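Structure first, then comments.
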Amino acid sequence: MGALTAFFKSLFLKELFQGLAVTGRHLFVRKITVQFPEEKTPQSNRFRGLHALRRYPNGEERCIACKLCEAVCPAMAITIESAEREDATRRTTRYDIDLIKCIYCGFCEEACPVDAIVMTRIFEYHGEKPGDLYYTKQMLLAVGDKNEVQIAKDRAQDAPYR
Amino acid sequence: MLDIEIDGKALQVVEGSTIIDAAHQLGTYIPHFCYHKKLSIAANCRMCLVQVEKAPKPMPACATPVTNGMKVQTHSEQAVKAQKGVMEFLLINHPLDCPICDQGGECLLQDLAVGYGASASRYQEEKRVVMNKNLGPLVATDMTRCINCTRCVRFTQEIAGLMELGQAYRGEHAEIMSFIGQTVDSELSGNIIDLCPVGALTSKPFRFSARTWELARRKSVSPHDGLGSPLIVQTKHDKVMRVLPLENEEINECWLSDKDRFSYEALNSPERLTRPMLKHGGQWIEVEWQQALDYVAHAFKDIAKNHGAAALGALLSPHATLEELHLGQKLMRGLGSGNVDFRLRQSDFSQDGQGTPWLGMKIAEIGSLDRVLVVGSFLRKDHPLIAQRLRQAVKRGAQVSLVHSADDDQLLKAHAKAIVLPSQLPQLLAQVVKCAAELKGVSVDAAITALAVSEKAKAIAESLLSGTRAAIFLGNFAQQHEQAATLQALAQLLAKITGANFGFLGEAANSVGGYVANALPGADGLNAGQMLAEPRHGYLILNAEVELDSARPLQALAALKQAATVVLLSPFKLPGALDYADVLLPVSPFSETSGSFINTEGRVQSFNAVVRPLGETRPAWKVLRVLGNLLNLPGFDQDSSEQVRAEVLGAATPTPEFVTDRLANPLSDVANNVANNVAIKLDAGPNGLERVADVAIYSADVLVRRAPSLQKTRDAASPAARMNAVTLQQCGVSAGQELRVRQGEGQAQLFAVLDAGLPDGAVRIAAAHPKVAGLAAMHGAITVEAL
Ligand code: SF4
Ligand code: SF4
Ligand code: SF4
Ligand code: FES
């Protein structure tokens with residue numbers, strides 16, 4: 001580019017007006033800002049939010065303590081201890097997820113052979129003191145119990161693609 | 001030697017090898033399930049099919065012997081196609097339950113399915129389901145997972161010696177089962193867990209508790225019998241989860257006895273002592289280490305000052321490490337007392353100072369012996385894997401003869417057996433000596449020549465003389481015998497006459513180590529028997545439950561109860577000790593300390609701690625060292641167990657693998673004339689009944705007594721008074737009846753049980769059990785009356 005062209009470009013502030021033109025255009029297009037929490041964006045049925053442990057319709061917990069989720073978790077957020085229950089089935093005696101370690105990759109759900117550990121659409125949760133976001137088996141089962149209808153619906157919707 | 005070619009690589013193999021052997025020689029892996037190097041060939045899984053040049057069909061590598069010029073393709077298209085086909089068939093009936101299967105992650109079928117399995121099943125029909133079986137408290141079963149490789153069946157039959165499992169029905173209906181209503185109870189049963197390539201047989205105590213990938217693997221050494229099996233201890237979060245064999249062809253091959261495999265449960269027992277405790281006004285209180293150790297140092301100093309150092313005694317355990325035994329004896333000697341011993345179950349100490357009893361040969365050589373005499377040994381239960389080696393030797397044509405007081409089924413075909421009362425054992429052995437001497441034309445003592453000889457003694461002597469590689473072993477029962485020295489002298493004499501090797505089957509992990517560490521009474525010291533017979537003022541006990549582990553439980557208990565100070569170093573809160581001890585110091589079991597064991601063949605095996613000490617438990621060598629410091633004794637400034645070991649074994653690095661140069665069964669010193677060396681008492685024992693005491697396999701030491709699963713096995717049944725039909729009749733009782741058994745001052749209430757394998761007049765009552773701790777001694781006269 002010649003030195004002359006550059007001189008005139010800077011003299012007439014061409015780049016400045018180009019930039020301002022973008023700003024100007026946006027003054028008139030439709031606004032997309034979501035007024036959270038009054039407003040919410042739509043969620044995918046594959047949304048990876050808070051974990052839940054599911055149960056079968058008869059109330060039996062699904063998890064069979066295979067420990068695949070624990071093994072696959074890249075953040076080592078899951079801690080499982082297992083033992084034989086009185087009825088001779090294999091069950092966890094401890095199932096903890098440290099949500100502070102979790103990176104919400106969804107591998108645990110992917111690894112689970114019985115769809116026991118799932119990730120729900122819930123993302124509005126918080127902890128106030130250290131340890132609040134350390135979810136134990138009972139807490140995870142409670143999340144599952146509360147949201148089972150939605151969880152089941154989401155899995156059913158996604159089933160054809162799996 | 002044959003020249004063959006595998007996958008284009010030429011090699012030479014010995015005649016008679018199979019293709020799979022040859023492939024292993026090259027390091028080529030051929031997938032297989034039923035093949036196992038220690039078991040016979042079954043060739044029923046067909047996973048090992050390979051392509052052999054000029055053969056029309058693929059051949060099973062495990063069962064096809066190589067021929068000269070053979071060309072084998074292990075990964076050719078035909079071979080892989082055949083292998084994939086086999087895998088598809090295997091998976092037809094195999095359940096898809098890996099997520100709940102304990103074998104998951106360490107399963108041969110899983111691994112090979114990754115390589116040879118299809119990603120989807122073409123099979124639409126019903127899968128086979130097999131009723132589950134109950135194989136007892138150690139082995140968990142899920143028989144639907146079985147792929148019928150029959151490894152377990154072949155193991156029980158060929159290695160354990162008793163066909164406890166079998167395959168019933170045919171074809172698709174074939175099932176592995178035990179005999180109706182029976183559990184698998186052999187002392188080696190745990191090995192079928194390792195052998196089963198799938199999750200059909202898994203460990204019951206370990207069931208569902210962890211995954212293989214979570215476990216850290218550490219090497220260790222078994223603290224139980226004299227074999228000292230090398231172990232792989234698997235741990236998770238500083239807790240021992242499982243124990244597996246570490247293969248060593250010279251020691252345990254690839255096996256492990258159930259005792260070694262399942263005793264780890266005791267390490268996590270609620271009975272563990274985790275803080276030092278002092279008895280204060282009859283109450284146990286937990287204290288700090290400092291306070292406890294100060295108390296001990298003070299008490300020992302006081303006793304030494306007021307009553308002389310000889311008023312102190314140390315009773316150490318043969319299951320303690322070399323380092324602990326060394327520091328234990330050093331502490332006592334430092335205090336000025338020679339009263340140290342670790343041979344708690346021994347009664348006859350008259351051969352003391354004459355050498356260091358050991359096996360006299362390598363364990364690995366046992367299999368190549370062709371003539372063996374085992375004197376006084378509950379072989380199978382006392383030395384499960386040595387018995388296994390003898391079993392293999394018998395299969396190869398060796399003659400094994402037994403001289404004993406109980407005819408337990410040793411699961412090996414004995415050439416000749418002489419079962420007599422304990423008091424007659426020396427006489428019987430002398431008879432064998434006489435025959436052997438006559439056959440060899442050697443002269444022996446008149447006391448021996450005067451004996452009348454039984455047919456059995458003759459058969460044994462003839463057998464011993466007819467071979468080329470003979471050995472005579474004294475078992476635990478012979479070592480604990482009241483006339484152990486006589487038995488030893490006679491056996492040695494016999495060995496000398498017949499040219500056989502002479503040796504002892506070491507009772508405990510460190511039976512040899514105790515001698516090497518000199519945890520023995522000095523010239524002026526008292527041995528274990530004397531220390532309890534002539535009560536001391538203060539006792540230091542390491543890792544032993546003296547009232548169960550000693551030859552004379554009643555006497556032991558009385559001695560400990562009267563003592564002013566009893567200091568117990570133990571990993572457990574021993575119930576007896578809560579009564580008689582004054583200080584309990586929590587010391588590490590083998591899993592939490594470093595140390596060494598010297599096994600019965602004189603092999604030094606050092607190991608490190610596999611987990612951190614529980615609570616405030618500390619390694620015993622450290623406790624003894626600090627105690628030495630507190631007592632101002634010289635030579636207690638070691639910083640590591642290696643330094644302690646160097647004190648015993650010399651500082652040379654690496655530490656010698658064997659200490660056989662320090663061991664000597666004093667064969668050369670036994671003069672032909674035994675009577676001059678050891679007074680042979682050839683008269684029969686007390687009239688009436690005699691006690692035969694075995695130490696049941698699962699009550700042999702502090703650890704196994706606290707392993708819950710082992711305690712549920714048949715071998716851990718509570719002791720009974722076993723007699724043969726004649727003896728029962730003589731006593732006027734019948735089997736099943738409750739009896740009062742009296743021995744010495746003491747008595748016990750036991751049920752009578754018929755045991756045809758006992759000589760007339762023998763009452764067999766297991767020792768080392770709380771139920772019989774009231775009986776006076778492991779041998780001698782006993783009376784029986786119906787209740
Ligand atoms: S979402 Fe990912 S990081 Fe979080 S627990 Fe599951 S596997 Fe672990
Ligand atoms: S949640 Fe699923 S993957 Fe995790 S242990 Fe339970 S069954 Fe296995
Ligand atoms: S139980 Fe296991 S070892 Fe026995 S035959 Fe079946 S698969 Fe083989
Ligand atoms: S390993 Fe050869 S047939 Fe099973």
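As a basis for the values below, the full set of heavy atoms in this structure was taken, side chains included, without hydrogen atoms, waters or symmetry mates. Not measured: the values here are computed from a predicted model. So that the names make sense, note that chain A is the first sequence line, chain B the second, and so on, each numbered from 1.
In the displayed structure, B:Lys133 atom NZ is contacted under 6.0 Å by more than 12 heavy atoms of other residues, nucleotides or ligands. No more than 12 heavy-atom neighbours from other residues, nucleotides or ligands sit within 6.0 angstrom of CD on B:Glu126. Within a 6.0 Å sphere centred on CD of A:Glu38, other residues, nucleotides and ligands contribute more than 12 heavy atoms. Surrounding OH of A:Tyr104 are more than 12 heavy atoms belonging to other residues, nucleotides or ligands, all under 6.0 Å away. Summarising the local packing, NZ of B:Lys236 is surrounded by more than 12 heavy atoms from other residues, nucleotides or ligands at distances under 6.0 Å. For NZ of A:Lys146, the number of neighbouring non-hydrogen atoms (other residues, nucleotides, ligands) closer than 6.0 Å is 12 at most.
Residue B:Cys98: no heavy atom, backbone or side chain, is found under 4.5 Å from chain A. Using a 4.5 Å cut-off between heavy atoms, A:Ala111 makes no contact with chain B at all. Using a 4.5 Å cut-off between heavy atoms, A:Thr89 contacts chain B through its backbone alone, with no side-chain atom that close.
A:Glu70 places a side-chain heavy atom less than 4.5 Å from the side chain of B:Glu214. Contact annotation: the side chain of A:Cys66 approaches that of B:Arg211 to within less than 4.5 Å [non-hydrogen atoms, C-beta and beyond]. You'll find the side chain of A:Glu84 stays beyond 4.5 Å of the side chain of B:Lys204, heavy atoms only. For the pair A:Lys67 and B:Trp213, the minimum side-chain heavy-atom distance is below 4.5 Å.
Summarising the geometry, atom CG belonging to B:Asp102 is positioned 8.0 Å from atom OG belonging to A:Ser82; distances are rounded to the nearest 0.5 Å.
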